[in-house]
2 protein chains.
Amino acid sequence: MSHSLGVRQAQKQKTRQAFLDAALGLLAEQSLSSLGLREVTRAVGVAPTAFYRHFHSTADLGVALVEEALGSLHPMISGTVSTADDSDQRIDRAVALIARHVREHPAHIRFIARERNGGVQKVRAAIAEQMDRFADEVRAELAKQAESDGWSDDDLLMLAGLYVDQMLMTASAFLEADPDDPAEEDRVARVARRRMRLISIGRRHWLG
Amino acid sequence: MSHSLGVRQAQKQKTRQAFLDAALGLLAEQSLSSLGLREVTRAVGVAPTAFYRHFHSTADLGVALVEEALGSLHPMISGTVSTADDSDQRIDRAVALIARHVREHPAHIRFIARERNGGVQKVRAAIAEQMDRFADEVRAELAKQAESDGWSDDDLLMLAGLYVDQMLMTASAFLEADPDDPAEEDRVARVARRRMRLISIGRRHWLG
DNA sequence: CCGCACGGAGAACAGTTGTTTACTGCATGG
DNA sequence: CCATGCAGTAAACAACTGTTCTCCGTGCGG
């Protein structure tokens, strides 16, 4: 199975990745709708016109970033939900996993949280699509569990959506926490765990 | 308690309001960080330099918009929580109230949802401050209710924050719903109600 | 091995941006 | 009633924007 991409295509993908990285950096302090094409090319160290070889517009770049930030997360998410732990342990692990992911990929999370309601239609749509996929995958995992007996698929999707939204809000909260102040991070984690726990309790008593 | 503002100050406030209105209109399709000062003055029909008589920067304008969008909402929110209805009726009324508010002030909601994680620090801070105030007010109302016996203030604040976040997410969901398709709006309302109901069930069984 | 396709460079385009400086006209307070 | 303060104007500034066109070097398919 070929690593055979040819020197040509390889270099192109490398440049493309440089665009994505540079853009992600610049987006730490502004929104996509204010990101200039020239600004990005300058950060990459390349001529403005080179941009068009890879993207039609900065909106296109944004969609690619959504893919990069969320595309690889699907196994992790449904994997976390599907573990056979006790409920509280599952919540602890989930929150810890989110904290870890935010620490490792802060720019990705910031980008998603920012552009989820951002000014660029296509990017909003791309994020919504991924979030819907997440919700549906979580729903599928929840359906396998014994606690879901008697639940309608519709209610399960509602619950899954609640969980997914909660995950992103938790991630966003970790982002705002001062990285030099571990106490603040702990506070965020504590609140997030209790929120999830309360939701899980609601789930347990939903029927009847 | 004078309406006596003088012709002078009155005209100034009028112009200032024109800035806010024009900006809110322009922000329907972009983020604050990409909003140009000239763009706003052009929409108002006034010279670019006139902007500085009212705001230091577009970020300042944004903070003023946060005040306008959220400042008047405090009585409405805690009022809704404090009604003595049955829990399900309270939820129905709350969701209906959100739907109504979104229909009447869509631009305000869009702005808040967008800039809550937007690219402008000061505006994010202003929104966070208002949301924290909401949460604290809701906590105070919840504390009065009999169902809160045995709850710590910390847990009540956690619950209040969950409710408040849920309200904004619901509002944002209403915003995305096609206004010409009342069925879609109903779907959003149904999901929102069930989410709130599940949280309320979790609340009822939180202790023990 | 050669010709072409293609990633990238460079220059030029008309518009736009935020900010400064100097100005005007008029409501207002003494 | 008059002098001052202040909302708004006008012109100019250098810097920046997205896009088009022309060009160059070279990896790759025939």
Side-chain angles (χ1 to χ4, degrees), chain A residues 2-23 25-65 115 118-123, chain B residues 2-23 25-65 115 118-123:
Chain A
S2 46
H3 41 72
S4 55
L5 267 129
V7 175
R8 203 104 201 217
Q9 299 259 344
Q11 184 52 284
K12 175 164 187 179
Q13 290 205 350
K14 205 170 177 180
T15 309
R16 184 190 144 98
Q17 189 60 45
F19 274 122
L20 295 179
D21 293 346
L26 294 167
L27 287 171
E29 294 171 346
Q30 63 184 312
S31 316
L32 183 65
S33 70
S34 69
L35 183 70
L37 159 170
R38 287 182 109 106
E39 195 178 356
V40 184
T41 59
R42 197 184 312 133
V44 175
V46 88
T49 45
F51 183 88
Y52 294 105
R53 303 287 182 196
H54 300 270
F55 309 98
H56 293 28
S57 61
T58 54
D60 251 39
L61 205 185
V63 172
L65 275 177
E115 300 304 328
V120 184
Q121 221 276 319
K122 289 179 71 171
V123 172
Chain B
S2 47
H3 44 71
S4 55
L5 266 128
V7 175
R8 204 108 198 211
Q9 299 260 345
Q11 184 53 275
K12 176 164 186 179
Q13 289 205 352
K14 205 170 178 179
T15 309
R16 184 191 145 98
Q17 189 59 45
F19 274 122
L20 294 179
D21 293 346
L26 293 167
L27 286 171
E29 294 171 346
Q30 63 184 310
S31 315
L32 183 65
S33 70
S34 70
L35 183 69
L37 159 171
R38 289 183 107 106
E39 195 178 356
V40 184
T41 60
R42 197 183 312 132
V44 175
V46 89
T49 43
F51 184 88
Y52 294 105
R53 302 288 181 196
H54 301 269
F55 308 99
H56 292 29
S57 61
T58 55
D60 252 39
L61 205 184
V63 173
L65 276 176
E115 299 304 328
V120 183
Q121 221 276 321
K122 290 179 70 171
V123 173

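Residue numbering restarts at 1 for every chain, and letters A, B, ... go by the order of the sequence lines.
Of the candidates D:dT17, C:dT19, D:dA7, D:dA7 carries the atom nearest the B:R53 side chain, counting heavy atoms from C-beta on.
Near DNA chain D, meaning a heavy atom under 4.0 Å away, the residues from residues 39-50 of chain B are B:V46, B:A47, B:T49, B:A50.
Nearest-nucleotide mapping onto DNA chain D: of A:Q9 and B:R8, the residue sitting toward the 5' end is B:R8.
Between A:R38 atom CZ and D:dA15 atom C1' the separation is 11 Å, expressed in whole Å. Regarding A:L32, its CG atom lies at a distance of 12 Å from the P atom of D:dG18, rounded to whole Å. We find that CG of B:D60 is positioned 15 Å from C1' of C:dG18, with the value rounded to whole Å. Look at NE2 on B:H56: it is 15 Å from C1' on C:dG18, rounded to the nearest Å. The separation between B:H54 atom NE2 and C:dT19 atom P is 16 Å, rounded to whole Å. Rounded to an integer number of Å, the gap from B:L35 CG to C:dT17 C1' is 12 Å. One atom, NZ of B:K12, and another, P of D:dG5, lie 15 Å apart when rounded to the nearest Å.
Proximity of A:V63 to A:F55: side-chain heavy atoms (C-beta onward) are nowhere separated by under 4.5 Å.
Applying the 6.0 Å contact sphere to CD of B:Q17 captures more than 12 heavy atoms from other residues, nucleotides or ligands.
At a threshold of 4.0 angstrom between heavy atoms, the contacts of A:T15 are confined to the sugar-phosphate backbone, with no base atom among them.
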Just the dot-bracket of DNA chain D, please: which string comes out with Watson-Crick or G-U pairs under 3.5 Å, [ ] for crossing, | for another strand?
-> ||||||||||||.||||.||||||||||||

